[in-house]
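Comments concern the structure below.
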Amino acid sequence: MNILKYGITDQIYVVRPISDGQFVFEFLNDTVTKIAGFTDKVIGMEVREVFPGEQAGNLVKKYQEVLDTKRAVIFRDGYDLDGTTFYYESTLTPLFDDSNVIYLIVGVVKNVTAEQQAELELKEIWTELNKSKKRYQSLFRDNPEAIISFDLNGTILNCNPETKKLLGYTPVELKGREIMSVLDDDSFDELKRMVNGAFYRKMKLHRLTVRHKNGNLVPVSVKVSPIMINKQVEGIYTIFQDLSEQLESERRLYESEERFRVIAENANDLITLLNHQGKIVYASPSYRRIVGFDEQEYVNKIFLYHIHPDDREDFNQIVTSSIQERKPFTIETRHFTNSGTYIWLESKGTPVFNENHQFKHMVVLSRDITVQKDYHEKLKYDAMHDHLTGLPNRRLFQVHLAEALNSNADLGLLMLDIDDFKSVNDTYGHDIGDAVIVEFGHRIQSLLTNKDIIARLGGDEFIILVADKSLHGLEQLAEQIKAHMEHGWHQIAENLKVTTSIGIAMKQKRYESSFALMKKADLALYATKKGGKDGYHIYSKER
């Protein structure tokens, strides 16, 4: 028992049924103590005394299933730790007394995240269980797959009842025969290589071909492990699984996929096929042309692979809903490309179900809509910005002003226009006039903070929204603007001078409309122009 307690990396425990629905712990190995945190104190305790209610209830149901069916029960659980999911497979094996009554249930919990390592640990556990003849016989007899054991000379020692379904021979007919008699020549050579690998714990699934009693060849997958007694190899333990139906299904699927590929490989859109696990099982060659990645890079990846992080939740939800509601979906998402940028895709997905109404796979067709998206974004931008200066226009400014008025911040408006701008156009022409407007807006913008907003209202008229400044601060800004306009304009036209008139208004009431505040600034601007231009006035009721 010390080997089971200290020498196995899987978690092993033994429970004993004491009455209907009650089970007590008989044994825990050292791995259970390290991973689950249990100690030998739980030995003799009932399962419901050790685990919390829901977990205990689920375990009792599994133990009861072992008692009811007299068969091994295998189930899996998943756990999330630091963003990584670990999967564990539990095998509950009944142990029978001489009266064929289950007196113990052996629980083996293994980490199947690394499948190859899990298989190795399972074989080691089976080797340990083989020390008990009755335990071995129970596991051997009830296994749903064909099992054949043979000695180091290749002579068959034993086989389970499932072997007759696979090979047509009864266990009695097979005992004493050579293992090579049920294999074709190529498979026998491969089996020898597998046996040699088993000595070094190199145990993998292999495909071989066995010969049925009627002469037919049957494709199988085979796992082998050494039969160890007292650390000596005395034979080989082989498990055979009939692959006939699986290969036939694969053949039909292949033919179906071939027809699908003919269409997909000549398509201009992205075609993606998702399985029931949400993984990509097929990506069309158009991936290379549209996103720059080879389509094989997507195979076996989760369907959210290369989708923009901000779009993944919506994409996941709509795919899940599509499957649950059995309805197609359409969604626009951003997809990562090989150039390091994102493109916009419009994806249309259709869930496919089998004859039993179970989800089979999802077909997703995606087309590049980046050009359309950019065009729509440009239309939205143009609708809110002045085409000449690129500054916000009246519409966008009013949106910002309305939002600012809903806050408690101090707000001020500066409304400006270019003095005698008509004469600039008449003297220098409209091209120079446009250049003056662009430079005028640029000079003002260079004096503003990130909180301030300047917009062109139309013609030579501009407006500035200033937050968190006192009236004195607004006057200082007006002086800076005036001074900035005194700099030379010779880069645009010789002998050109530009001055500006400014009207200033501050938010006075807590609830003041944008129209009222802009009207005050307009009146102040009018007062400046009436007073001689090239200056500023502050709105007051007296004017």
Side-chain angles (χ1 to χ4, degrees), residues 54-55 58 75-88 112-113 253 256-257 260 263-264 267-381:
E54 183 177 354
Q55 187 177 2
N58 292 335
F75 61 96
R76 287 192 177 187
D77 291 307
Y79 300 93
D80 291 329
L81 180 63
D82 297 331
T84 301
T85 301
F86 295 90
Y87 295 94
Y88 292 88
V112 294
T113 307
L253 178 61
S256 176
E257 287 182 344
F260 175 78
I263 298 172
N268 292 322
D269 294 340
L270 300 178
I271 301 178
T272 313
L273 192 66
L274 314 177
N275 66 11
H276 66 284
Q277 296 177 324
K279 291 185 176 180
I280 299 171
V281 295
Y282 176 79
S284 61
S286 51
Y287 268 87
R288 278 173 284 176
R289 184 180 68 258
I290 295 175
V291 299
F293 290 107
D294 188 276
E295 66 272 17
Q296 291 303 316
E297 180 171 337
Y298 290 81
V299 176
N300 289 326
K301 298 291 196 311
I302 195 70
F303 72 94
L304 297 175
Y305 185 63
H306 279 170
I307 298 297
H308 193 288
D310 293 345
D311 297 336
R312 289 176 184 171
E313 183 176 353
D314 289 342
F315 198 12
N316 182 61
Q317 288 180 351
I318 199 168
V319 170
T320 303
S321 297
S322 174
I323 296 171
Q324 292 174 346
E325 299 173 8
R326 299 171 178 265
K327 294 181 179 179
F329 71 84
T330 301
I331 189 173
E332 294 180 359
T333 58
R334 287 160 289 180
H335 193 286
F336 185 63
T337 70
N338 193 34
S339 63
T341 61
Y342 285 94
I343 62 171
W344 278 96
L345 295 178
E346 180 187 67
S347 298
K348 296 185 177 182
T350 303
V352 179
F353 300 86
N354 62 20
E355 61 275 8
N356 296 321
H357 306 291
Q358 294 177 327
F359 176 74
K360 188 177 180 182
H361 54 248
M362 176 80 73
V363 179
V364 182
L365 303 180
S366 305
R367 64 186 183 94
D368 185 356
I369 59 169
T370 306
V371 174
Q372 296 94 311
K373 271 286 190 180
D374 289 345
Y375 179 71
H376 291 152
E377 289 299 317
K378 185 177 184 303
L379 289 179
K380 287 170 59 178
Y381 181 89

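For the numbers below, each heavy atom of this structure counts, side chains included, while hydrogens, waters and symmetry mates do not.
Applying the side chain to side chain donor-acceptor pair (under 3.5 Å) test to R312 and every residue at least two apart in sequence or in another chain returns nothing. With sequence neighbours left out, Y375 forms a ring pair (Phe, Tyr, Trp, His ring centres under 6.0 Å) with no residue at all. Among residues two or more places apart in sequence or in another chain, the side-chain contact (heavy atoms from CB on, under 4.5 Å) test is passed with F359 by H276, I323, P351, F353, M362. With sequence neighbours excluded, the residues that form a side-chain contact (heavy atoms from CB on, under 4.5 Å) with D294 are R288, Q296. In this structure, the side chain to side chain donor-acceptor pair (under 3.5 Å) partners of K378, at least two apart in sequence or on a different chain, are D382. Every residue meeting the side chain to side chain donor-acceptor pair (under 3.5 Å) condition with T341, not counting sequence neighbours, appears here in chain and number order: T337, S339. Residues satisfying the side-chain contact (heavy atoms from CB on, under 4.5 Å) criterion with Q358, sequence neighbours excluded, are N354, N356. Applying the side-chain contact (heavy atoms from CB on, under 4.5 Å) test to K360 and every residue at least two apart in sequence or in another chain returns nothing.
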Could you go through the side-chain contact (heavy atoms from CB on, under 4.5 Å) check for V319 and F329 one step at a time?
-> CA-CA 7 Å; V319 170; F329 71 84; 3.9 Å; yes
Begin from the C-alpha positions of L274 and V364 and carry the test side-chain contact (heavy atoms from CB on, under 4.5 Å) through to its verdict.
-> CA-CA 8 Å; L274 314 177; V364 182; 4.2 Å; yes
Evaluate the criterion side-chain contact (heavy atoms from CB on, under 4.5 Å) for residue pair L273 and I271; output intermediate values, then yes/no.
-> CA-CA 7 Å; L273 192 66; I271 301 178; over 6 Å; no
Checking side-chain contact (heavy atoms from CB on, under 4.5 Å) for the pair V291/N338: CA distance, chi angles, key distance, verdict?
-> CA-CA 6 Å; V291 299; N338 193 34; over 6 Å; no
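A distance-only check finds no donor-acceptor pair linking the side chain of S322 to the backbone of I318 [under 3.5 Å].
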Would you mind writing out the side-chain donor-acceptor pairs for residues 299-310 within the sub-3.5 Å range, not counting sequence neighbours?
| from | atom 1 | to | atom 2 | distance (Å) |
| --- | --- | --- | --- | --- |
| K301 | NZ | E297 | O | 2.9 |
| Y305 | OH | E297 | OE2 | 2.8 |
| H306 | ND1 | Y298 | OH | 3.0 |
| H308 | ND1 | D310 | N | 3.0 |

For residues 365-372, which side-chain N or O atoms pair as donor and acceptor with protein atoms under 3.5 Å away, sequence neighbours left out?
| from | atom 1 | to | atom 2 | distance (Å) |
| --- | --- | --- | --- | --- |
| S366 | OG | S347 | OG | 2.7 |
| R367 | NE | E346 | OE1 | 3.0 |
| R367 | NH2 | E346 | OE1 | 3.1 |
| D368 | OD1 | T370 | N | 2.9 |
| D368 | OD1 | T370 | OG1 | 2.6 |
| T370 | OG1 | W344 | N | 2.9 |

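Applying the salt bridge (Lys or Arg N to Asp or Glu O under 4.0 Å) test to every pair with at least one member in residues 314-343, sequence neighbours left out, gives these pairs: D311-R334, E332-K373.
Atom CD1 of I290 sits about 7.5 Å away from atom CG of L345, to the nearest 0.5 Å. In this structure, F293 CZ and Y287 OH are separated by 11.5 Å, a value rounded to the nearest 0.5 Å.
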